[in-house]
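Values below: all heavy atoms of this structure, side chains included; hydrogens, waters and symmetry mates excluded. Whatever order the structure lists ligands and atoms in, that order sets their numbers, starting from 1.
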Amino acid sequence: MLSTIGRAAKASGMTAPAPKPWIDAIAPYVPGRSAIDGGGKAIKLSSNESPLGTSPAAVAAFEAADRSLHRYPDASAAALREAIAAKYGLDPARVIYGTGSDEILHLAAGAFAGPGDEVLFVRYGFSVYPIAARRVGAEPVEAPDADYATDVDALLAAVTPNTRVVFVANPNNPTGTYTDRRELARLHAGLPGDVMLVVDQAYAEYLGQADDDGAFALAQVADNVLVTRTFSKIHGLAAERIGWGYGPAAAIAAMHKIRAPFNVTTAGQEAAIAALGDDGFVEASRAHNDKWRTWFEGEIAALAPQGLRAVPSKANFILVLFEGRVSAEQAYLALMERGYIVRWLPGQGLPHGLRITIGTEEEMRGLTPALRAIVGAGA
Ligand SMILES: *Cc1c(COP(=O)(O)O)cnc(C)c1O
C-alpha cells in the first residue's frame with residue numbers, strides 16, 4: 001500500500017530520490033590518469049606524486065604498525081597532532097587531521113558556508129574548491145588571475161557580503177605560482193573578519209626557507225585563518241590519505257563536529273609521524289625537485305620558438321602552455337603514445353596547458369626529447 005504522499009509522488013513521475021540541485025551542479029573531480037589505453041607500461045607524471053617514493057622510516061613505521069585490524073584507530077590522533085605541533089611550533093589542540101587535506105578543505109567549506117553563501121578562489125585554482133563549495137550548497141565564485149598567478153586585488157574585489165570562505169593554494173595547483181608573505185598579508189588585511197581565509201599549503205615543503213608565506217604566523221593570532229598541509233606530496237604518503245589543518249580553536253572545534261570519526265588509519269598515523277622525523281628525506285626531495293624543475297624550465301624555454309612557455313613554478317610540477325602550432329591536446333596524446341602520462345586540463349579552463357610533475361632524472365631525461373620531437377624541434 002502506498003501512502004498518500006507516495007501516491008502523489010508516483011502520479012507526478014517522481015520515482016527516484018533526487019540529488020539536491022547543488023549536488024547535481026558539481027562537475028566531478030578528475031584524477032590524473034595512471035594507465036595508458038591498451039595497458040602499456042606508463043610513466044605517471046600526472047598527479048604530483050613523489051618521484052623518490054616514501055621515506056624508508058615512514059615505510060618501516062607503516063609496516064611495524066599495530067596489526068589489530070579489528071581495533072579503531074586513535075580517534076583523536078593524539079601522537080600525530082603532538083608530532084605536528086612539535087615540528088612546526090604549534091598548539092596541538094588546534095591541529096585537525098583528515099583523510100587527505102581534501103577532507104580538511106571540505107570541512108572548512110562545510111563549517112563556514114552553506115546555501116546562499118559564496119566561496120571564493122582564483123581562476124585556475126585547485127579543482128576541489130568548487131566541489132567543496134557546491135557540496136554544501138554554497139556558490140563557488142572565481143576571481144580573475146594575473147597571468148595565471150593569484151591576484152590579491154581581484155580576490156578582494158570579488159568579496160561580497162555573502163563571501164564566507166576564501167581558498168588560496170600556495171603554491172597553487174595547477175599553476176605552480178606563489179603568493180608571497182606581503183601579498184598574503186594584504187589579502188588577509190583586506191578581508192572582513194568573518195570570512196575564513198584557507199591557505200592550502202600542499203606544496204609548501206618544496207619552497208626554500210626564504211619563501212615562508214606567513215600563513216602559520218597569521219593562523220597563530222588571527223580568528224579567521226586556517227592553514228592546510230598534506231602528507232601526500234613531498235612525504236610520499238598519498239596512498240594513506242593523511243592531511244592536517246591548523247587554525248583558531250573555535251574554527252577547529254566546529255570542523256571536528258563534522259569530521260568523519262576515525263578518519264586517519266592507525267598505520268597512516270604511524271607512517272606520518274615517522275615521515276615528519278625524516279628531515280633527510282624531505283631535504284633530498286626538495287633538492288631533487290629544485291634541480292630538475294630548473295632543468296626542465298630551461299628545456300621548455302628552449303622551445304619558445306615552438307610556442308611553449310612554462311608558468312613560473314615553486315611546486316613539484318610545471319604548467320606548460322602551448323601557444324604555437326602543436327596544441328596541448330596533441331602533445332598530451334602523443335606523449336601518452338610514448339608512455340608518458342601528464343595532465344591535460346580542459347575542464348579547468350586550460351585546454352592549452354599540460355601540467356607535468358617533476359619525476360626522476362630518468363623520467364625527465366626521457367620525457368623532454370619526446371616533447372621536443374612532438375612539437376617539431378627535433379629530438
Ligand atoms: C594534492 C593537493 C591537495 C590534497 O591532497 P590530499 O592527498 O587530499 O592531501 C590539496 N590541495 C592541493 C592544492 C593539492 O594539489
Side-chain angles (χ1 to χ4, degrees), residues 29-34 44-51 54 58 77 80 84 95-110 119 121-133 135 140 142 145 148-150 165-179 184 197-207 213 215 226-246 255 259-260 263-265 268-269 271-272 275-276 285 289 293 311 313-319 342-343 345 347-348 350 353 355-358:
Y29 180 81
V30 182
R33 287 181 62 144
S34 53
K44 188 185 177 200
L45 301 172
S46 58
S47 296
N48 303 340
E49 293 154 337
S50 162
T54 311
L80 175 58
I84 289 168
V95 174
I96 190 167
Y97 37 93
T99 307
S101 54
D102 280 343
E103 184 184 8
I104 311 292
L105 302 174
H106 282 286
L107 294 177
V119 171
F121 45 87
V122 74
R123 181 191 297 154
Y124 315 127
F126 185 40
S127 60
V128 164
Y129 304 155
I131 298 174
R135 177 171 184 260
E142 255 184 27
D145 61 300
Y148 299 93
T150 295
V165 176
V166 177
F167 283 116
V168 174
N170 203 28
N172 185 39
N173 171 16
T175 61
T177 54
Y178 178 66
T179 305
L184 198 70
L197 173 61
V198 181
V199 183
D200 174 349
Q201 293 192 338
Y203 301 98
E205 296 91 344
Y206 291 102
L207 298 170
D213 69 9
L226 176 76
V227 184
T228 67
R229 288 275 182 121
T230 181
F231 285 92
S232 299
K233 304 286 161 53
I234 209 165
H235 293 295
L237 285 166
E240 269 304 297
R241 317 297 307 118
I242 314 154
W244 57 278
Y246 190 74
M255 292 163 67
R259 173 177 64 73
N263 58 344
V264 180
T265 65
Q269 293 184 33
L276 278 180
S285 299
N289 191 65
R293 189 183 61 210
V311 175
S313 170
K314 293 218 180 204
N316 68 339
F317 56 85
I318 289 187
L319 178 63
V342 300
R343 190 75 160 262
L345 298 156
Q348 284 184 253
L350 290 165
R355 193 195 67 192
I356 302 176
T357 304
I358 303 304

Residue-ligand contact F231/ligand 1, heavy atom below 4.0 Å: no

Below 4.0 angstrom, N of the basic side chain to O of the carboxylate: do K44 and E49 qualify? yes

Centroid-centroid under 6.0 Å between Y203 and F317 rings: yes

Record the part of D200 in heavy-atom contact with ligand 1 below 4.0 Å; permitted values are side chain, backbone, both and neither. side chain

Taking distance alone, with no angle check, do Y203 and ligand 1 share an N/O pair under 3.5 Å? yes

Which atoms from ligand 1 have a heavy atom of T230 less than 4.0 Å away? 6 (P), 7 (O), 9 (O)

Does any non-hydrogen side-chain atom of L184 lie less than 4.5 Å from one of V199? yes

Where's the contact between E103 and ligand 1, heavy-atom distance under 4.0 Å: side chain, backbone, both or neither? neither

Please work out whether the ring planes of Y124 and Y148 are parallel, tilted or perpendicular, with thresholds of 30° and 60°. parallel

Report, in ascending order of atom number, the atoms of ligand 1 lying under 4.0 Å from any heavy atom of S232. 6 (P), 7 (O), 9 (O)

Using 30° and 60° as the class boundaries, would you call the ring planes of F231 and H235 parallel, tilted or perpendicular? tilted

Salt bridge or not for R229 and D200, using N-O below 4.0 Å? no

List every atom of ligand 1 that sits less than 4.0 Å from any heavy atom of R241, numbering the atoms from 1 in the order shown and giving each element. 6 (P), 7 (O), 8 (O)

State the atoms of ligand 1, each with its element, that fall below the 4.0 Å cut-off from a heavy-atom position in G100. 6 (P), 8 (O), 9 (O)

Check: R293/Y206 side-chain N/O donor and acceptor closer than 3.5 Å: no

Ligand 1 atoms in contact with A202 (distance to a heavy atom under 4.0 Å): 2 (C), 3 (C), 10 (C), 11 (N), 12 (C), 14 (C)

Distance filter under 4.0 Å to N173 heavy atoms, resulting ligand 1 atoms: 13 (C), 14 (C), 15 (O)

To the closest 0.5 Å, what do you measure between OG (S285) and CD1 (I358)? 13.0 Å

Identify, by atom number and element, the atoms of ligand 1 in contact range of D102, meaning under 4.0 Å from any of its heavy atoms. 4 (C), 8 (O)

Atom 1 (C) of ligand 1 [closest protein heavy-atom partner, distance rounded to 0.1 Å]: K233 NZ, 1.3 Å

Under a 4.5 Å cut-off applied to non-hydrogen side-chain atoms, are L197 and L226 in contact? no

Taking the non-hydrogen atoms of S101, is any one of them nearer than 4.0 angstrom to ligand 1? yes

